[in-house]
Each structure stands twice: as C-alpha cells, then as structure tokens.
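So the structure is just underneath, and the comments pick up after that.
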Amino acid sequence: MSDAKSNDSFKARVYAIVAQIPEGRLMTYGDIAGYCGQAYAARVVGGLAHFGPSELPWHRVVNRFGGLASGFHGGREVQAQLLKNESVACTDYIVDDFKELRWRPTL
DNA sequence: CGAGTGACCGCAA
DNA sequence: ATTGCGGCCACTC
C-alpha cells in the first residue's frame with residue numbers, strides 16, 4: 001500500500017508479487033525487483049526464489065529473455081510443463097509470447 | 001559471527 | 001548492433 005517502504009523484508013515483497021501473478025502471465029526478475037524498489041536487486045529475486053516456497057508460482061517467473069531459469073523446484077522441464085499447463089506457449093524452455101504475456105502488477 | 005554465493009539486470013564502449 | 005563489466009540484497013553454510 002501507501003507506505004510499503006521497508007517494514008517487511010525485501011523477500012516479503014518479492015513473494016507477495018510473485019504470489020499475485022495470475023495464470024497465463026509471466027514476469028521478469030528485474031521487473032519484480034523494480035516494483036520492489038530495487039531494480040538492481042534482480043539477483044536477490046532469483047536467490048530468494050531458489051530458497052523460496054514452492055507454493056509460489058515461480059514457474060511464472062522468467063529471466064529477461066523470457067526463458068526458463070535454472071534451479072527450479074524439480075527441473076526446467078517441469079517448469080516448462082507447468083507453463084504449458086497454464087496455456088502458456090513455451091518452446092525450448094523459452095516463452096513464445098513472453099513479451100505479450102509480460103504481466104504488470106496492479107499498484 | 002563471518003564469508004560466499006546466487007535462477008540477474010542495466011549500461012558503456 | 002554486439003560484447004563485456006559491474007553492482008545490489010538476501011539467504012545459506
């Protein structure tokens with residue numbers, strides 16, 4: 001909300017955004033980090049995701065190229081399968097309409 | 001407690 | 001247009 005300054009840890013904000021990503025939608029680490037207030041903390045988003053709760057739709061989070069990242073819970077093939085399961089056209093671990101599916105959080 | 005690593009991005013030349 | 005480099009935060013061991 002209005003404050004949303006630094007009451008919660010950075011990871012809390014990242015998890016909140018990722019958890020709010022709708023189906024068929026994708027987001028990039030830089031975008032999430034940017035919406036968290038630190039566009040330079042893109043690495044943190046990835047790091048948190050590596051240890052983050054598998055309950056969050058990390059499979060909807062991709063890199064700048066719209067491709068699946070590594071270290072996903074289970075494997076990239078699983079992530080690709082999940083995206084396909086969400087009607088997301090992904091080819092060779094790369095989202096086809098990534099630029100079109102790039103979702104923007106509702107502030 | 002301290003140090004290192006990490007699924008990255010943006011910019012510059 | 002392409003390539004190379006640096007930098008920030010949090011988590012884990």
Side-chain angles (χ1 to χ4, degrees):
Chain A
M1 320 264 192
S2 323
D3 291 313
K5 240 184 199 190
S6 31
N7 275 345
D8 296 316
S9 306
F10 189 90
K11 91 173 178 63
R13 265 174 285 188
V14 177
Y15 289 135
I17 294 175
V18 177
Q20 259 83 135
I21 296 177
E23 304 177 355
R25 234 42 129 170
L26 309 166
M27 264 192 99
T28 66
Y29 300 100
D31 281 358
I32 295 168
Y35 293 122
C36 283
Q38 297 299 337
Y40 299 93
R43 308 184 88 189
V44 189
V45 182
L48 296 175
H50 190 17
F51 298 102
S54 54
E55 306 189 291
L56 295 179
W58 295 113
H59 58 272
R60 289 178 195 148
V61 185
V62 295
N63 55 12
R64 267 290 313 150
F65 301 93
L68 281 65
S70 33
F72 177 71
H73 289 282
R76 295 166 290 224
E77 51 182 277
V78 178
Q79 187 176 7
Q81 196 66 259
L82 291 167
L83 291 171
K84 267 193 207 175
N85 197 37
E86 302 257 326
S87 297
V88 178
C90 53
T91 301
D92 196 17
Y93 305 104
I94 308 294
V95 179
D96 199 9
D97 294 322
F98 160 68
K99 51 189 185 170
E100 293 293 324
L101 296 170
R102 203 174 192 180
W103 176 67
R104 219 185 127 147
T106 357
L107 301 175

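Residue numbers begin at 1 in each chain, while the letters A, B, ... track the order of the sequences.
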Rounded interatomic separation in angstrom, taking [atom1] from [X] and [atom2] from [N]:
{"X": "Arg76(A)", "N": "dA7(B)", "atom1": "CZ", "atom2": "P", "answer": "11 Å"}
{"X": "Leu26(A)", "N": "dA7(B)", "atom1": "CG", "atom2": "P", "answer": "20 Å"}
{"X": "Arg64(A)", "N": "dT2(C)", "atom1": "CZ", "atom2": "C1'", "answer": "16 Å"}

Any pair counted as salt bridge (Lys or Arg N to Asp or Glu O under 4.0 Å), so long as it reaches residues 30-49 of chain A, sequence neighbours left out
Asp31(A)-Arg102(A)

Quick test of your reading: applying salt bridge (Lys or Arg N to Asp or Glu O under 4.0 Å), list the pairs with at least one residue in residues 71-100 of chain A, sequence neighbours left out, ordered by first then second residue.
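Those involving residues 71-100 of chain A are Arg60(A)-Glu86(A).
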
Clusters formed by hydrophobic residues whose side-chain heavy atoms approach within less than 4.5 Å: which one holds Tyr93(A), and what are its other members?
Leu26(A), Val62(A), Leu68(A), Leu83(A), Val88(A), Val95(A), Phe98(A), Leu101(A)

Phe51(A): which residues meet the side-chain contact (heavy atoms from CB on, under 4.5 Å) condition with it, sequence neighbours left out?
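Phe51(A): no side-chain contact (heavy atoms from CB on, under 4.5 Å) contacts found.
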
With Arg64(A), which residues qualify under side-chain hydrogen bond (donor to acceptor under 3.5 Å, both in side chains), at least two apart?
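Checked Arg64(A) against side-chain hydrogen bond (donor to acceptor under 3.5 Å, both in side chains); zero matches.
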
For nucleotides 3-13 of chain C, read 5' to 3', which letter fits each nucleotide if B means a protein heavy atom sits under 4.0 Å from the base, S means only the sugar-phosphate is that close, and - means neither?
----BBBSSS-

